[in-house]
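Worksheet for the structure shown next.
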Amino acid sequence: MRFTIEERDHLLQNLNHHQRAFLTDTMIRGRRTAFANAMAKQKGFHLPDDASFEEIEALLEDWIYVSTYDAGYVSHDLRCECGRPLRYQHRVEHKTTGEVKKFGIEHLKEHLGIDAAVVAAVKKGFDAIDYELDEILAKAASNWRLDPEFLQVDEIPSDIQTHLDHGLPLLERQIARLRDRRRKRVKPDLQQANVAPAYQNQAPRDLFEWQEMQQISTSDQAPQIPISDLFRLPDRLHKHVQHYLNRGIKSARIICELLIKEHGAPNARYITGKPHLFVPLCKHIENHHSDYNMKPLGADDRSYQK
Ligand SMILES: [Zn+2]
């Protein structure tokens with residue numbers, strides 16, 4: 001479902017002020033994340049799926065997305081770098097020099113001088129965000145209601161709760177997550193039981209899995225060198241980890257990338273792209289920063305928050 005700009009304007013008018021403000025803010029944050037993602041991927045960073053723009057931007061040195069301005073109509077008050085009047089003006093800022101550029105999306109490539117592949121990735125990301133806005137507007141217009149059964153989960157994810165608080169419909173991907181949580185809630189024992197045998201028949205994907213395999217099969221084997229001695233986080237990195245946690249960087253994967261980029265930490269990686277540094281880092285944080293709570297983010301990342 002894609003609406004024209006006129007249709008979208010009309011449907012937005014049917015929402016209340018808080019709903020419109022929330023959707024605008026969500027779109028800008030989404031664009032900021034999509035832009036940072038495209039820039040970071042081009043530089044070869046491997047990012048966890050749910051990294052926030054604050055975290056991704058910490059890895060970048062050049063352009064970061066600031067905001068979108070909407071004049072409501074094509075206006076001479078909002079112009080592209082080349083002088084062309086715009087309705088929607090995008091602004092980016094250079095992280096190192098502080099230079100600000102303002103442009104219409106069609107001239108993203110011309111005025112920023114960035115790679116065509118990055119431009120395509122940014123546009124694709126922006127399109128996906130528009131698509132989700134249209135999904136919400138279409139559902140709101142058809143008086144969409146959520147089946148309350150879906151909310152029978154242990155914890156409603158905060159982004160979903162925010163939609164509910166604003167009286168806005170959920171996206172299909174959010175509903176899929178609720179469905180997934182419900183399934184896990186119904187059969188937790190069954191899923192647990194499946195873990196151990198599966199591990200024994202396959203090579204570990206990375207060090208985390210390898211470690212878990214070791215823990216599962218410790219009983220009747222020769223004593224092993226404690227893994228903590230083999231994989232310690234170098235002392236010289238400790239203060240930098242403290243600094244990143246203080247700055248609110250939550251993702252262990254991102255902290256690894258920052259240690260590699262800014263402090264010359266070893267850049268060896270598993271085939272999955274995960275740095276060898278990952279496990280020592282997690283162990284270090286969990287042993288030395290117990291005021292931070294760990295939350296697993298799938299198999300590939302851990303988040304630490306006070
Ligand atoms: Zn232009």
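Keep in mind that what you see is a predicted model, and the values were worked out from it rather than measured. Order of appearance sets the numbers: ligands from 1, and atoms from 1 within every ligand. Just so you know, residue 1 is the first one in the sequence shown, and it goes up from there.
The angle subtended at the Zn ion (ligand 1) by SG of Cys82 and SG of Cys80 is 110°, given to the nearest 10°.
Restricting His107 to its N/O/S atoms, the shortest distance to the Zn ion (ligand 1) is reached by ND1. Within His111, the N, O or S atom at minimum distance from the Zn ion (ligand 1) carries the name NE2.
In the model, Thr68 has a side-chain atom that pairs as donor or acceptor with a side-chain atom of Arg31 under 3.5 Å.
In this structure, Phe126 and Tyr65 have perpendicular ring planes: the angle between them is above 60°, well past the 30° mark.
The ring of His166 has its center no closer than 6.0 angstrom to the ring center of His18.
With Asp134 contributing its side chain and Phe3 its backbone, the two residues share a donor-acceptor pair below 3.5 Å.
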